[in-house]
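To find a chain, count down the sequence lines: A is the first, B the second, and so on, and within it residues start at 1.
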Amino acid sequence: MIIIGNIFILIGTAFLCLGALGLVRMPDVYNRIQAGTKATTLGALSVLLGVAFHHPDWLPKILLIALFILLTSPVASSTIARAANRAGLRPFTIPTNVSEEK
Amino acid sequence: MTTSDTPQTRLKKTRQHVKRFNHQVSAQYRKIDIKNEPRQRRFVIATLSLFIIWLLLVGTLSLSEIVVGLIVAAFTAWLSSEHLAILDHLKLNKMTPIHVLRYLGVFGVALLRANLDMARRVLSPRLPINPALVEVQTRLKSPLGQLILANSITLTPGTLTVDIIGDHLQVHWVDSTPGKDLKQATHAIAESFERHLQEFLE
């Protein structure tokens with residue numbers, strides 16, 4: 001049980017790490033939000049699952065935390081994206097002529 | 001009530017009062033009709049969901065916890081039922097839990113795919129993205145349905161809900177190669193969720 005839990009926590013932290021890497025590599029705010037939201041949601045859920053394997057009696061509370069993360073995390077990122085859109089930020093697009101030149 | 005009443009008539013009058021009162025109470029109870037009265041319907045839904053959250057939070061099934069939880073949940077739901085118009089659009093019947101579970105399954109698979117997809121994009125040295133803002137049309141009319149649809153779109157592969165205007169969702173799409181116009185984007189992004197959400201939402 002402990003080992004399975006550790007594996008899930010490891011996967012979760014790996015996804016969180018990828019999310020951080022995505023924040024650095026992506027070209028504009030929308031893509032950064034994308035990388036951040038998805039990776040942190042699944043990463044947090046996976047860590048929670050691992051904790052549930054460590055302490056099975058915490059399962060109901062962990063379910064509740066997972067539910068709130070699933071509800072709030074996309075709302076938060078949508079709100080940031082909406083604010084960026086209203087501030088007039090255009091999304092990054094790959095310039096077509098550059099890719100043709102190559 | 002005049003002073004000339006004998007005790008017998010007074011007793012009789014009191015009995016009539018009690019009878020009328022009982023009749024009114026039972027009429028009130030008969031009025032509880034969760035199909036047609038939105039406030040009572042909201043009250044029942046809110047009480048049940050708050051009670052489930054309470055049970056998850058306390059994590060035990062002892063009698064005292066259940067009783068306190070029911071009382072608190074019912075009181076909170078009663079206080080707030082006037083403002084919970086968002087719950088009016090749930091379609092409740094015997095099949096609802098099955099539809100919700102099926103939707104959660106689809107959603108979970110999409111969430112996993114979203115993460116693997118994002119990991120692949122972030123890790124590959126070329127950074128294979130082709131982002132664009134596209135519009136998606138939804139058939140869901142209710143605010144709750146649009147909220148859940150927007151959340152699902154945000155958490156699924158390569159898409160992020162930016163804004164909702166009427167029944168059009170603005171979506172930021174990392175890989176917009178399947179097509180940028182309304183019909184193609186709707187088909188690629190929203191339709192599978194919409195089909196499942198429509199089973200239990202308007």
Side-chain angles (χ1 to χ4, degrees), chain A residues 11-12 14-15 17-43 45-46 57-68 70-86 89-94 96 99, chain B residues 49 52-61 104 107-108 110-134 144 146-165 169-177 180:
Chain A
I11 293 173
F15 272 119
C17 198
L18 282 178
L21 188 65
L23 282 186
V24 178
R25 287 203 69 194
M26 287 299 185
D28 75 337
V29 62
Y30 299 104
N31 287 307
R32 287 188 174 144
I33 295 169
Q34 295 242 19
T37 318
K38 294 179 210 336
T40 49
T41 310
L42 192 76
L45 289 183
S46 185
D57 49 325
W58 292 359
L59 193 63
K61 272 170 204 155
I62 285 170
L63 270 179
L64 206 58
I65 297 171
L67 189 70
F68 277 110
L70 272 180
L71 278 178
T72 52
S73 147
V75 172
S77 48
S78 281
T79 311
I80 300 172
R82 187 164 182 253
N85 189 35
R86 300 227 160 166
L89 232 76
R90 303 322 307 155
F92 165 87
T93 47
I94 291 173
T96 43
S99 56
Chain B
S49 31
I52 290 171
I53 290 176
W54 169 275
L55 282 186
L56 288 177
L57 201 58
V58 297
T60 56
L61 280 176
L104 283 179
F107 175 74
L111 182 62
L112 263 179
R113 272 185 47 221
N115 276 278
L116 295 177
D117 182 65
M118 190 48 76
R120 184 176 62 79
R121 281 180 210 283
V122 167
L123 285 179
S124 67
R126 265 185 53 249
L127 204 65
I129 56 173
N130 179 18
L133 267 185
V134 294
L144 185 63
Q146 290 182 344
L147 169 77
I148 297 179
L149 181 67
N151 270 3
S152 312
I153 288 176
T154 299
L155 286 178
T156 48
T159 50
L160 167 74
T161 314
V162 175
D163 210 344
I164 302 180
I165 303 157
L169 277 78
Q170 276 192 306
V171 175
H172 179 261
W173 202 357
V174 162
D175 188 11
S176 59
T177 29
K180 285 179 193 172

- [ ] Carefully, step by step, assess A:Leu18 and B:Asn115 under the rule side-chain contact (heavy atoms from CB on, under 4.5 Å).
- [x] CA-CA 9 Å; A:Leu18 282 178; B:Asn115 276 278; over 6 Å; no
- [ ] Check each atom of A:Leu45 against the heavy atoms of chain B and say whether the ones under 4.5 Å are side chain, backbone, both or neither.
- [x] side chain
Open item on the list: Which one wins on heavy-atom pair count under 4.5 Å against chain B: A:Leu67, A:Leu59, A:Leu70, A:Ile80?
Closed with: A:Leu70
TODO: Report the option among A:Ala83, A:Ala39, A:Ser73 that has the most heavy-atom pairs separated by less than 4.5 Å from atoms of chain B.
DONE: A:Ala39
TODO: For the pair B:Thr154 and A:Ser78, evaluate side chain to side chain donor-acceptor pair (under 3.5 Å) and give the outcome as yes or no after the intermediate values.
DONE: CA-CA 7 Å; B:Thr154 299; A:Ser78 281; 3.2 Å; yes
Open item on the list: If you compare all heavy atoms of A:Arg86 against all heavy atoms of B:Asp163, which two are closest, and at what distance to 0.1 Å?
Closed with: NH2-OD2, 3.1 Å
TODO: Please check if the side chain of A:Gln34 supplies one atom and the backbone of B:His172 the other of a donor-acceptor pair under 3.5 Å.
DONE: yes
Open item on the list: To check you understand the geometry: which heavy-atom pair defines the closest contact between B:Ala114 and A:Lys38, and what is its length?
Closed with: CB-CD, 3.8 Å
Task: Region of B:Thr159 in contact with chain A, defined by heavy-atom distances below 4.5 Å - done: backbone
Task: Side chain to side chain, A:Ser77 and B:Leu160, heavy atoms closer than 4.5 Å - done: yes
Open item on the list: Can you tell me how far apart CE (A:Met26) and CZ (B:Arg121) are? Round to the nearest 0.5 Å.
Closed with: 7.5 Å
- [ ] Assess whether atom CZ of B:Arg120 is packed by more than 12 heavy atoms of other residues, nucleotides or ligands within 6.0 Å.
- [x] yes
Task: For chain A, the option from B:Leu155, B:Ile153, B:Asn151 that forms the most heavy-atom pairs under 4.5 Å - done: B:Asn151
TODO: Nearest 0.5 Å please: distance from the CG atom of A:Leu42 over to the CG atom of B:Leu116.
DONE: 8.0 Å
Open item on the list: Taking side chain as everything from C-beta outward and backbone as N, CA, C, O, which of these in A:Phe15 sits under 4.5 Å from a heavy atom of chain B? Side chain, backbone, both or neither.
Closed with: side chain
- [ ] Identify which part of B:Leu123 has an atom lying under 4.5 Å from any heavy atom of chain A, answering side chain, backbone, both or neither.
- [x] both
Task: Residue part contacting chain B, namely of A:Thr41, when any heavy atom lies under 4.5 Å - done: side chain
- [ ] Test side-chain contact (heavy atoms from CB on, under 4.5 Å) on B:Ile164 and A:Arg82 and set out the steps.
- [x] CA-CA 9 Å; B:Ile164 302 180; A:Arg82 187 164 182 253; over 6 Å; no
- [ ] Output the option from B:Leu57, B:Leu112, B:Val58, B:Leu147 having the highest count of non-hydrogen pairs under 4.5 Å with chain A.
- [x] B:Leu57
Open item on the list: For the interface with chain A, which of B:Ile53, B:Ile148, B:Leu55 has the highest count of heavy-atom pairs at distances below 4.5 Å?
Closed with: B:Ile53
Open item on the list: Out of A:Asn31, A:Asn85, A:Thr37, return the one with the most heavy atom pairs under 4.5 angstrom to chain B.
Closed with: A:Asn31
